Amino acid sequence: MSNETDGSIQLEYEIDDRPPWPKSILLGLQHVAVMIVPATAVAFVVAGGVGLDAADTAYIVQMVLLFSGLATVVQAYTVGPVGARLPIVMGSSFTFVGAAITIGVDYGMAAVFGAILVTGFTVEGLIGWQFKRIKPFFPPLVTGLVVVIIGLYLIPVGMDYAAGGATAEEAGEFGALHHIGLAALVLAIAVGLNMFTAGVTRLLSILAAIGVGYAVAVVAGLVDFSPVGDAAWIAVPSPTRFGFEFEPVAIVVFAFLFLVSAMETVGDMSGVTAAEGRNPTDKEFRGGLFNDGILSSLGSIFSAFPITSFSQNVGIVNFTGVMSRHVVGISGVILAVLGLSPKVGAVVTTIPSAVFGGAVLLMVGMVAASGVRLIVLHTELDRRNMVIVAVSLGLGLGVATTPEALSGLPNAAETFFGEPVIMTALSALLLNTFVPGEQSPLFDAVSSSPAPEAAAGPSDD
């Protein structure tokens, strides 16, 4: 167990610690419980938008879970240069939803998976391979802002779940009192157990809160168990189910989006290691980006959507103080098992959106808070840096809250600049690079600013 030194938080379990098996399994389930609905929701939303039938939809959900699990295990333990050996849960990102629907409708799902196959490894693999060279362009000020915007722009997603989600909206119950009440109950229990208890109850505060919320929802008759009866016990993956086509427009769009994914992963990795008061090392950055790209390309062969780091689970690490990569490895195994057994996965997806809403709101808030800490610990908030923070967050939140402001741009440009992470990251990157200051790779005063370099691991200058 570590104490709070050099800006780190108090960790109950450090990165290589192995909690007892019963506790590890419960902590792993907690990670799964927070991310499974948003991860599988990507498959449901895209399948619905493209018009896939129930069988194809269920299959894509299965593959998302399977490859989320495999990528999580690789991230925790590594396979050669692939993986960061960090406690990062992987899953399918909402970053790709709009493009997948548009391309799926216009060109077919074969073009979607063909574009993922080509761009996953090419874009993120190249960034990971050359990250040592570009690392000076991503000091704590830039990566911290990426972490902050990831947390902030996901808050509306948490509120949407808290109000009942898409199912409640279709039923005309969006924002109904019972949905808000469930979300508030989960949030209150999670915060109460974390702040006012110790030991296992604090570590498992989120899982306990979700469990209580689910039990209340069952008693209140808000849970539909029919999907469980319809699901098969075992389903075997089948490669190239939808085939592959290589459309130039699809490839260009997904290349842009994988750039977004890479920036999100850089931010999430920084958010995790911020618990230790540092930035990731070159090797960790490279392995994490390789994992994103290679597993996404591999997953596309089996019709899984792109796999990237899950920001909600970064919040869990900072909220609970459990940084053990072995706990996250268990989460990956659980996800892979769920991906092979639709019956088990169906049980998990019966949990109402409002129950997850309370937990997701807490987690994305913690993500934003960890980004703030990363900036404050390693950045002097002078006039120059305050302007960079203001511009970057202003533009990022601007396109997040008012996306129609970019409707006059060409479609590809609207997709690219309409991503809050891209807008914030590019703004911070350009301003930090070309405005003289200690964290600028062009004008930095290395001799007078050792703290950020020490926090970031081995120097590249």
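Quantities reported herein were computed from a predicted structural model and do not represent experimental measurements.
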| task | Please round to the nearest 0.5 Å and tell me the distance separating atom CD1 of Ile88 and atom OG of Ser331. | result | 12.5 Å

| message | I'd like to know whether Met90 forms a side chain to side chain contact (heavy atoms under 4.5 Å, CB included) with Leu295, so could you lay out the CA-CA distance, the side-chain angles of the two residues, the decisive distance to 0.1 Å, and finally the verdict. | response | CA-CA 10 Å; Met90 308 293 288; Leu295 268 294; over 6 Å; no

| query | To the nearest 0.5 Å, how far apart are CG in Leu86 and CD1 in Ile15? | reply | 4.5 Å

| said: Side chains of Thr265 and Asp292: any donor to acceptor distance under 3.5 Å? | reply: yes

| Does some side-chain heavy atom of Leu52 sit less than 4.5 Å from a side-chain heavy atom of Met109? | yes

| task | Quick one: pull up NE2 in His31 and CD1 in Ile316 and give me the separation to the nearest 0.5 Å. | result | 5.0 Å

| query | Do Ser261 and Glu124 have side-chain N/O donor and acceptor atoms under 3.5 Å apart? | reply | yes

| query | Hey, does the side chain of Ser341 reach the backbone of Trp233 with a donor-acceptor pair shorter than 3.5 angstrom? | reply | yes

| request: Classify the angle between the aromatic ring planes of Phe254 and Phe258 as parallel (below 30°), tilted (30 to 60°) or perpendicular (above 60°). | output: tilted

| note | On a heavy-atom basis, the closest approach of Leu145 and Ile388 is CD1-CG2, 4.1 Å

| task | Going by the side-chain hydrogen bond (donor to acceptor under 3.5 Å, both in side chains) test, name the single residue among Arg85, Arg325, His326 that passes it with Tyr77. | result | His326

| request: Indicate yes or no for a side-chain donor-acceptor contact from Thr72 to the backbone of Gly332 under 3.5 Å, with no hydrogens or angles considered. | output: no

| When you check the side-chain N and O atoms of Glu284 and Thr273, is any donor under 3.5 Å from an acceptor? | no

| query | Got a donor-acceptor contact below 3.5 angstrom from the Ser303 side chain to the Ile60 backbone? | reply | no

| request: Applying side-chain contact (heavy atoms from CB on, under 4.5 Å) between Thr143 and each of Asp268, Val148, Asn279, report the one that passes. | output: Asn279

| query | Do Asp17 and Val327 have side chains that get closer than 4.5 Å, going by heavy atoms? | reply | no

| message | Tell me whether Ser296 contacts the main-chain N or O of Ile307 through its side chain, where contact means a donor paired with an acceptor under 3.5 Å. | response | yes

| query | Gln30 side chain to Ile206 main-chain N or O, any donor-acceptor pair under 3.5 Å? | reply | yes

| Is there a donor-acceptor pair under 3.5 Å between the side chain of Asn432 and the backbone N or O of Gln439? | yes

| said: Within this structure, what is the CD1-CG distance for the pair Ile101 and Asp106, rounded to the nearest 0.5 Å? | reply: 11.5 Å

| Taking Phe305 as the fixed residue, which of Phe67, Phe96, Phe113 is the one that meets the ring-ring contact (aromatic ring centres under 6.0 Å, His included) rule? | Phe113

| message | Any side-chain to backbone donor/acceptor pair from Tyr153 onto Val399? Under 3.5 Å, distance only. | response | no

| field | Smallest separation among heavy atoms of Asn318 and Val314, with atom names | value | ND2-O, 3.0 Å

| remark: Interatomic distance, CZ@Arg133 vs CG@Asp282, rounded to 0.5 Å, equals 12.0 Å

| request: Check whether any side-chain N or O of Ser297 sits under 3.5 Å from a backbone N or O of Phe121 as a donor-acceptor pair, and report yes or no. | output: yes

